[in-house]
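Worksheet: the structure to be examined is printed underneath.
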Amino acid sequence: MIRLGVLASGGGTNLQALLDACAARRVDAEVALVLSNLPGAGALERASRAGVAGDCLPSKGVTDRAAYDAAVVERLATARVDLVCLAGYMRLVTPGFLRAFGPTAASRGCPRVVNIHPALLPAFPGLHGPRQALAAGVKVAGCTVHFVDEGTDTGPVIAQAAVPVLDGDTEDSLAARILEQEHRLYPQAIQWIAEGRLSLHGRTVRLDRPGAPAERLRSPSIEVA
Ligand code: GRF
């Protein structure tokens, strides 16, 4: 059972999906710690309701990002976190943070920080994925779970789910359709990591069949809802 550290700045519906999936044993992991950079984040309330340790390290006014991240890493290390899950965390993590949770033999070359993003990367990184998709007039939108590197939403893709963009969609209606898929996709991707089934080859993440690491598959993880 791996130990997750979840970093969240907002309402925390993705955190909730992870908490629920762990409780239901759909994900062989436990949320060891929830950290937020914003006091009063809904995610902290969700952690407390689930009986999970939660804490806030306020980032307002912070100028030394490396020192801030060192404090975050220390909390995560104290909680013996194996995998860091960004879930609506509105900060970029620093190189020092990524080094602290870099690849190990057990992680098979994969970084140990993952993120969920509400767009089909590499399209529409950064803020407001659904808004960017609508503005671009695309017909298919979706979400991406990816390993985190030093860029903004640029790390290797683990899994993606697609949804249609419908006539009359607003930013809210499209975001809600995508969010429903996020709540399904993020726990699934973390279960693959918990099972040790992912490995990294250049920028390509491969998914092994359960119990058969020799038989590598290209990730069959592009799904259309
Ligand atoms: C999600 O859309 C996620 O993809 C993005 O921020 C949003 C967070 O929502 N990174 P929540 O706080 O998990 O409800």
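Counting convention: from 1, in listed order, for ligands and their atoms alike.
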Does atom CD of E74 have more than 12 heavy-atom neighbours, drawn from other residues, nucleotides or ligands, at distances under 6.0 Å? no
> Judging by distance only, is a nitrogen or oxygen of N115 under 3.5 angstrom from one on ligand 1?
Replying inline: no
| request: State, yes or no, whether a side-chain contact exists between V81 and F101 at a heavy-atom distance under 4.5 Å. | output: yes
dist E171:CD -> Q132:CD (nearest 0.5 Å) comes out at 10.0 Å
Atom 13 (O) of ligand 1 has as its nearest protein heavy atom N14 N, 2.8 Å
In this structure, CG of L207 is separated from CG of L198 (nearest 0.5 Å) by 6.0 Å
| Is the number of heavy atoms from other residues, nucleotides or ligands within 6.0 Å of CD (E180) greater than 12? | no
Closest to atom 10 (N) of ligand 1 among protein heavy atoms sits I116 O, 3.1 Å
Restricting to heavy atoms, the pick from G11, P118, A175 nearest atom 5 (C) of ligand 1 would be P118
message = Within the 4.5 Å heavy-atom criterion, are R112 and I193 side-chain neighbours or not?
response = no
Atom 6 (O) of ligand 1 sits nearest the protein heavy atom G88 CA, 3.5 Å
Legend entry - Distance under 6.0 Å and angle within 45° of ring axis: R91 vs F97: no
the protein heavy atom lying closest to atom 3 (C) of ligand 1 turns out to be E182 OE1, 3.2 Å
Of all protein heavy atoms, the one nearest atom 14 (O) of ligand 1 is T13 OG1, 2.5 Å
If you scan protein heavy atoms around atom 12 (O) of ligand 1, the nearest is G12 N, 2.8 Å
> Quick check: does L15 get an N/O under 3.5 Å from an N/O on ligand 1?
Replying inline: no
